[in-house]
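Notes for the one structure printed next.
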There are 2 protein chains.
Amino acid sequence: MAVSPAGKPQGCTHYKLRQLVREVSHYYDTEIGKAGLKGTQYALMGHVRKLGPVRLSDLAREMRLDASTLTRNLKPLTEAGWLRVEVGADGRSRLVTITEAGLAKYSEAQRYWKRAQERINQLFGAEQVIVLHELIDELLARLPQRS
Amino acid sequence: MAVSPAGKPQGCTHYKLRQLVREVSHYYDTEIGKAGLKGTQYALMGHVRKLGPVRLSDLAREMRLDASTLTRNLKPLTEAGWLRVEVGADGRSRLVTITEAGLAKYSEAQRYWKRAQERINQLFGAEQVIVLHELIDELLARLPQRS
DNA sequence: CTACAAAATTTGCATATGCAAACGTTAGGC
DNA sequence: GCCTAACGTTTGCATATGCAAATTTTGTAG
C-alpha cells in the first residue's frame with residue numbers, strides 16, 4: 001500500500017486524470033455500446049430522466065457541461081426519438097424530456113452499465129472505487145461553479 | 001471528513017471522473033493557453049521531450065492513447081514547428097522528436113503549467129492532490145494494457 | 001411604443017478521442 | 001525473386017468538448 005508523505009504533489013493532475021478517464025471510458029462504452037448508446041449519452045439520458053422537463057441551461061449547470069456541448073449532444077438522441085426538446089413558457093428556453101422509447105432504451109442500457117460498473121469494481125476493488133467516488137465528490141465540491 | 005463504509009460503490013465512476021476531468025482541464029487549459037498550447041498538447045510535447053526520438057506506436061502505448069489520436073494531435077504541433085516527424089530506420093515507422101523551438105515553447109508553457117498545478121493544489125489541498133495521484137497510479141496499474 | 005440591454009440557445013471553429021478500414025512497408029516461406 | 005502475412009501509420013467516420021460570436025426572445029427605460 002502506498003503511503004502519503006507530506007510534500008508537494010508530483011506529476012500532473014490533469015494528465016493523470018485524462019489517462020484514467022480514457023481507460024475507464026473504454027469499459028463503459030464497450031458495455032453500454034451493446035445497447036446502442038455511448039457512455040456519455042447514457043449519462044445524459046439518465047439526467048434528463050431524473051430532472052424531468054428541464055431547461056437546457058439548468059441541465060448544463062447540473063452536469064457541469066457547456067450549454068453548447070449539450071445542444072449538440074442532444075441532437076442524435078432527439079433524432080433517435082429518445083429525448084424531446086420543446087420550447088418552454090419563456091420563448092427563449094427549451095425544455096428537455098425523455099420519451100417512452102427513451103425510458104425503454106435507458107432501462108436496456110442500464111443492465112449493461114451495471115456490468116461495466118461491476119467490472120470496474122472488480123478491477124479496482126470495491127473499496128478503492130468507494131474511496132475514488134468520495135474523493136471526487138469532495139474535490140468537485142471545492143470547485144467554484146463557473147457558470 | 002467522509003468515512004468509507006463497507007458496501008457497494010454508489011453512482012457512476014465514469015460520469016464522476018468525466019465531470020472532474022472537465023473541471024480540472026479548465027484550469028490547465030486556461031493557464032497553458034497563455035503560451036498558445038492546449039493542456040493535451042503540453043502533455044504530448046512533454047512526453048516527446050522525455051522519450052527523445054520515439055516511434056509513434058511506442059509513444060501511443062506509453063501515453064495510453066490510440067495511435068490514430070496521436071497522429072492527429074501531432075499535426076498542429078509539427079505544423080507549428082515544435083515537433084518533427086521523420087521516417088524511421090524501418091520504413092513503416094515514424095520517429096517523433098521535439099525541435100529547438102519546441103523546447104523553448106515547452107519551457108514557456110511550463111511556467112504556466114506550474115501555476116495551474118499550484119492553483120489545483122490550493123483548491124483541492126496539496127494533501128488531497130497527493131492522495132488523488134497515488135490512487136490514480138494504483139488504479140492504472142491494475143488495468144491491463146489494451147494494445 | 002420603441003430602442004436597447006439581458007437572457008437562452010445555437011453555430012462556427014478548433015481540438016480530443018477511438019474504431020475500423022485502407023495504405024505502405026517489411027519479413028518469411030518456397 | 002514473389003506472394004502473403006504481419007506490422008505501423010493514416011484516413012474516414014462519429015461523438016465529445018469549450019469558447020466566442022450570432023440569433024432569438026424578453027423585459028425595461030424613456
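Since we're looking at a predicted model, the values are computed, not measured.
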Check this one for me: any side-chain N or O of B/H26 less than 4.0 Å away from OP1 or OP2 of D/dC19? yes
Hphob cluster co-occupancy, A/Y112 + A/V24, side-chain heavy atoms under 4.5 angstrom: no
Please state how far atom OH in B/Y28 lies from atom C1' in D/dT17, giving the value in whole angstrom units. 19 Å
So, is A/S57 close to the C/dT9 phosphate, meaning a side-chain N or O under 4.0 Å from OP1 or OP2? yes
Quick check: does any side chain N or O of B/R142 sit under 3.5 Å from a backbone N or O of A/F124, one acting as donor and the other as acceptor? yes
Hey, does the side chain of A/E62 reach the backbone of A/L59 with a donor-acceptor pair shorter than 3.5 angstrom? no
Can you say whether the rings of B/H47 and A/Y15 are parallel (under 30°), tilted (30 to 60°) or perpendicular (over 60°)? tilted
Considering only side-chain heavy atoms of A/R55, which listed nucleotide, D/dT9, C/dT9, D/dG18, is closest? C/dT9
What is the distance from atom CZ of B/R119 to atom OG1 of A/T13, rounded to the nearest 0.5 Å? 13.5 Å
Rounding to an integer number of Å, can you tell me how far A/L59 CG sits from C/dT10 C1'? 16 Å
Rounded to whole Å, please give me the gap between CG in A/D29 and P in C/dA20. 12 Å
Distance in angstrom units between A/L56 CG and D/dT24 C1', rounded: 14 Å
Reckon B/D90 touches a base, only the sugar-phosphate, or nothing at all at heavy-atom distances under 4.0 Å? sugar-phosphate
Does a side-chain N or O from A/R92 land closer than 4.0 Å to OP1 or OP2 of D/dT24, or not? no
Without decimals, in angstroms, what is the distance between A/E62 CD and C/dA8 P? 16 Å
So for atom NZ, which belongs to B/K34, do other residues, nucleotides or ligands contribute more than 12 heavy atoms lying within a distance under 6.0 Å? yes
Counting side-chain heavy atoms from CB outward, which of D/dT17, C/dT15, D/dT15 is closest to B/Q41? C/dT15
Whole-Å distance between D/dT17 P and A/R22 CZ? 14 Å
ILVMFWY network linking A/L95 to A/W82, side-chain heavy atoms under 4.5 angstrom: no
If you compare every side-chain N and O of A/R94 against the phosphate oxygens of C/dA8 (OP1, OP2), does one of them come in below 4.0 Å? no
Selection: residues 64-77 of chain B, any non-hydrogen atom under 4.0 Å of DNA chain D: B/A67, B/S68, B/T71, B/R72
Could you state the atom-to-atom distance from CD of B/E31 to P of D/dC19 in whole Å? 14 Å
Both A/D58 and A/E23 contact DNA chain C. Which one's nearest nucleotide lies toward the 5' end? A/D58
To the nearest Å, how far apart are A/Q19 CD and C/dG18 C1'? 16 Å
